[in-house]
2 protein chains.
Amino acid sequence: MNRRNMLKLTSASALAALASGQAAGEESTKRSVSQYDIFEIALAGPSGGNPFLEIRLSATFSLQHRTITVDGFYDGNGSYKIRFMPDAMGEWRYTTTSNASVLNGQSGEFTCTSPQASNHGPVSVRHGHHFGYADGTPYFPFGTTCYAWIHQGESYEEQTLATLRQAPFNKIRMCVFPKSYEYNHNEPEFYLFPRTAEATRENPTGANDYSRFDPAFFTHFEHRLGQLRDLNIEADLILFHPYDRWGYAAMAPDVDERYVRYVVARLSAYRNVWWSLANEFDLMKAKTTQDFDRLLRLVQQCDPYQHLRSIHYSKVMYDYASPAVTHASLQSYDFASAPSWLKIWNKPIVYDEVMYEGDLPRRWGNLSGEEMTRRFWLGIVAGCYVTHGETYLNAGGSENEDDKIWWSNGGKLSGTSPARIGFLRKLLEETTDIGLEASPDPYYLNAVSSARDPQGFEAKLPPSAILYYFDLHQPIQYTVPLGAATYRAELIDPWQMTITPIAGSFSGNATLKLSGRPFQAIRFRRT
Amino acid sequence: MNRRNMLKLTSASALAALASGQAAGEESTKRSVSQYDIFEIALAGPSGGNPFLEIRLSATFSLQHRTITVDGFYDGNGSYKIRFMPDAMGEWRYTTTSNASVLNGQSGEFTCTSPQASNHGPVSVRHGHHFGYADGTPYFPFGTTCYAWIHQGESYEEQTLATLRQAPFNKIRMCVFPKSYEYNHNEPEFYLFPRTAEATRENPTGANDYSRFDPAFFTHFEHRLGQLRDLNIEADLILFHPYDRWGYAAMAPDVDERYVRYVVARLSAYRNVWWSLANEFDLMKAKTTQDFDRLLRLVQQCDPYQHLRSIHYSKVMYDYASPAVTHASLQSYDFASAPSWLKIWNKPIVYDEVMYEGDLPRRWGNLSGEEMTRRFWLGIVAGCYVTHGETYLNAGGSENEDDKIWWSNGGKLSGTSPARIGFLRKLLEETTDIGLEASPDPYYLNAVSSARDPQGFEAKLPPSAILYYFDLHQPIQYTVPLGAATYRAELIDPWQMTITPIAGSFSGNATLKLSGRPFQAIRFRRT
């Protein structure tokens with residue numbers, strides 16, 4: 001058995017275990033699955049012709065008064081599957097529909113049980129500008145970027161997972177397709193479409209059979225997706241990107257659509273999926289903005305769970321006011337515009353590319369750890385979220401292999417910002433259950449940006465917490481308008497990662513002595 | 001003799017010494033004056049009525065084919081003066097014109113001799129975006145800001161001069177009028193107009209006799225102006241400003257005009273004068289933009305030497321395309337816009353307010369020394385110039401008196417940026433005789449801003465020097481397009497103030513190893 005098949009088998013077993021019961025044509029005992037886990041139906045069906053093009057399959061799942069229809073998919077070798085993520089406990093029933101009689105009218109039932117303690121369900125938008133898990137647990141995205149990490153081979157991918165296990169990140173931006181770009185030239189192990197010609201000197205991109213998918217690609221992909229889920233890491237899946245030498249960036253519209261439908265059918269039952277329709281869509285010259293609009297609406301139409309959806313640009317900002325996107329995914333470090341964008345879009349904003357910590361000879365890849373840390377703070381006090389990326393070459397002290405960089409390949413982290421990002425994440429999580437809203441005028445205090453827990457905004461209650469960040473300013477004292485409520489205050493050093501309580505309590509126009517050093521912060525919490 | 005009169009006498013003696021000969025109604029021997037120094041004619045005339053309003057006096061100075069007409073002024077006590085700064089060596093003749101017969105038709109001659117080695121004449125615009133002294137010596141403005149330093153009393157003012165003697169600054173922004181603003185509430189020793197009522201509780205601003213000037217004010221002012229000149233410091237004189245409690249910000253149009261004419265008549269013979277018509281003109285609510293346009297044209301019309309002229313804004317940028325201004329005087333730290341502004345205005349740009357190094361609880365007054373240093377570098381590699389200011393309260397380590405701050409009062413400097421500004425000034429002076437032009441596209445190299453000596457731009461010759469600044473980027477190597485010429489390279493650390501030669505010579509697309517630390521620079525000089 002070669003590695004591809006072995007891996008496929010391993011992954012299939014894992015999936016079966018997940019569903020807490022063996023999928024089978026006929027069941028003897030009633031199956032059960034945890035809420036927000038994957039219930040999978042496996043059916044044997046036609047293997048002749050081209051089932052990817054010819055066979056349609058779906059199932060309708062019902063719980064009391066609700067019904068949800070979910071597309072199935074062909075998994076090769078005559079095997080068909082339907083995956084479902086139940087969002088409520090209870091006794092679910094299902095019936096299949098297909099143009100293949102053997103797949104049509106199959107029915108069954110299962111019990112959805114309470115989720116494990118670490119399973120909070122999918123993330124969605126909450127409180128206008130923020131996110132939360134389905135079970136009510138707060139979720140503040142502190143993401144990182146490893147575009148092509150699943151295309152690096154077994155040992156390197158396991159190294160990436162080992163790094164993520166220790167890192168502070170709870171979201172990862174990653175591509176479905178392999179990547180061909182500076183610092184990322186390797187050939188992937190798995191291809192999404194069967195290869196009909198390998199790359200040669202005459203045909204440097206090879207060729208693909210766009211009428212079929214290679215299930216082995218997805219089995220491997222789903223294995224990694226499940227590992228991320230088990231680390232409580234949201235997978236911000238990039239469906240299209242311009243960095244390509246295999247033809248994926250310039251497929252025909254019907255192939256694009258079949259690809260989107262197949263990916264959504266296979267992956268959307270994973271609770272940790274986010275859809276990022278494209279990376280730098282405006283650099284994909286074979287597509288128009290209208291193509292992306294259409295494909296975004298297609299994702300919206302196909303995904304029964306309405307996972308988070310966005311699209312990322314290079315220079316031409318997408319229209320994030322569109323109802324097809326749930327949040328903005330910016331390439332920008334213009335935090336001063338955040339308040340107006342939040343007002344116009346009324347959606348969460350994630351600054352998904354603020355340049356990267358590293359030492360590359362590229363404008364976007366050589367920020368210091370201090371500057372990356374600063375950009376995270378500027379994003380948070382603007383009421384937004386920020387995504388990390390690291391681009392140190394080996395000489396920067398990394399133990400990564402030659403020409404491998406965290407941002408594209410994964411591997412190990414060697415930067416100084418992740419620890420500080422972890423500090424900020426923990427600080428935010430203990431400051432608010434909701435998220436922070438930028439103060440109405442970020443310059444109303446002249447020198448600082450601040451954000452506050454929106455609790456009570458509508459009820460005209462004072463904020464429960466206020467976080468000030470002084471950025472490059474270094475006042476030795478500062479007067480803050482706290483209003484009628486009473487607060488305790490702490491000095492925060494974002495780089496030293498210290499929290500120092502200030503004696504006493506504060507209200508009204510409160511003057512605090514500060515260190516006279518730049519890049520400091522203050523947290524107020526209502527007593 | 002009180003201190004006012006003593007000071008007046010001292011200053012008068014100094015002036016006389018300057019002109020290398022005693023001014024007198026009748027002369028026995030031919031007087032002489034150095035080029036760019038002040039030749040002063042003193043005449044006795046009417047003292048009755050109000051000579052400030054009633055007597056007109058001017059003189060026409062001739063050298064060979066050239067004639068220059070210069071206004072005189074009444075200096076009180078029946079004394080009239082005409083000051084002239086000859087710009088060429090040789091035998092000058094003059095004749096006075098007045099509506100007072102005793103002052104009319106007075107004539108004489110003097111010899112203009114070669115200047116002392118340290119006297120390079122007035123500064124004017126050169127090479128489009130740059131400045132230079134009249135004798136051809138390069139001049140790159142590295143200014144500081146001490147708005148009200150001449151209104152602080154003898155000992156404090158002498159302390160300021162002692163500080164300037166050791167500091168790296170060759171320009172100072174300073175107000176003619178006293179200042180009333182945060183951190184600057186003292187009553188001045190001298191008033192420009194005679195006081196007709198002191199400030200009282202009922203009349204908190206007092207009152208002025210706007211029909212006369214107080215010569216003692218000017219004698220003191222000219223004393224300080226001469227001391228700055230002797231330190232080779234250009235005096236960027238702010239004629240109007242909004243920070244006022246005495247009435248100077250809201251004078252009638254005829255008073256404004258008389259004030260401008262009198263100041264220009266008295267001061268323009270000082271070679272180190274620059275005219276800054278106003279500070280933050282848009283905050284002066286008693287005046288319109290048209291008032292400033294008119295007053296700028298008046299300065300242009302009255303000043304026989306066409307000293308540098310500009311005007312400074314707070315939020316509403318003045319139209320620096322106007323032919324009435326010789327250069328832009330910005331309140332901004334938007335260095336990315338510099339290339340387009342330079343192209344549109346085709347004038348030098350001085351970023352006169354980029355916020356200040358200090359620790360005040362004000363947005364504009366608490367930059368770190370590092371950030372102030374960074375802003376100087378960003379300005380220089382944008383092909384512009386930057387002005388310093390310091391706003392440390394005493395707790396910042398300054399030995400200044402209570403509530404006195406360098407930026408408004410002068411005194412001592414305690415910041416960390418002046419040494420680095422001095423390093424940059426010296427670096428620039430040894431890099432180019434012209435100034436640096438921003439590279440055509442500041443991002444054409446992706447990570448850096450660079451500027452080059454414009455030598456050869458028109459002749460299509462390669463630049464004689466190129467200065468790269470990496471700002472917050474920290475690449476470990478960088479490839480720079482040097483073209484066909486060959487250069488030697490040095491690594492510059494702007495904060496450590498080190499210059500480290502790199503072995504070898506470079507041309508074409510040259511790749512250099514760098515430190516991987518942010519805020520570094522490279523200088524290339526053609527071999």
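Side-chain atoms are counted along with the backbone in the values below, which use heavy atoms only and exclude waters and symmetry mates. Order of the sequence lines fixes the chain letters, A, B, ..., with proteins taken first and strands second; residue numbering starts at 1 for each chain.
A distance of 14.5 Å separates CZ in R517(A) from CG in N366(B), rounded to the nearest 0.5 Å. Atom CG of L472(A) is separated from atom CE of M355(B) by 7.5 Å, given to the nearest 0.5 angstrom. F519(A) CZ to E370(B) CD: the interatomic distance, rounded to the nearest 0.5 Å, is 8.5 Å.
In this structure, the side chain of Q474(B) engages the main chain of L367(A) through a donor-acceptor pair within 3.5 Å.
The two atoms that bring R363(A) and H473(B) nearest to each other are O-CE1, 3.0 Å, heavy atoms only. Nearest heavy-atom pair across P475(B) and P361(A) is CB-CA, 3.9 Å.
If you tally non-hydrogen atom pairs under 4.5 Å between each of P518(A), S368(A), G516(A), G365(A) and chain B, the highest count goes to S368(A).
Heavy atoms of Q477(B) lying under 4.5 Å from chain A belong to its backbone as well as its side chain.
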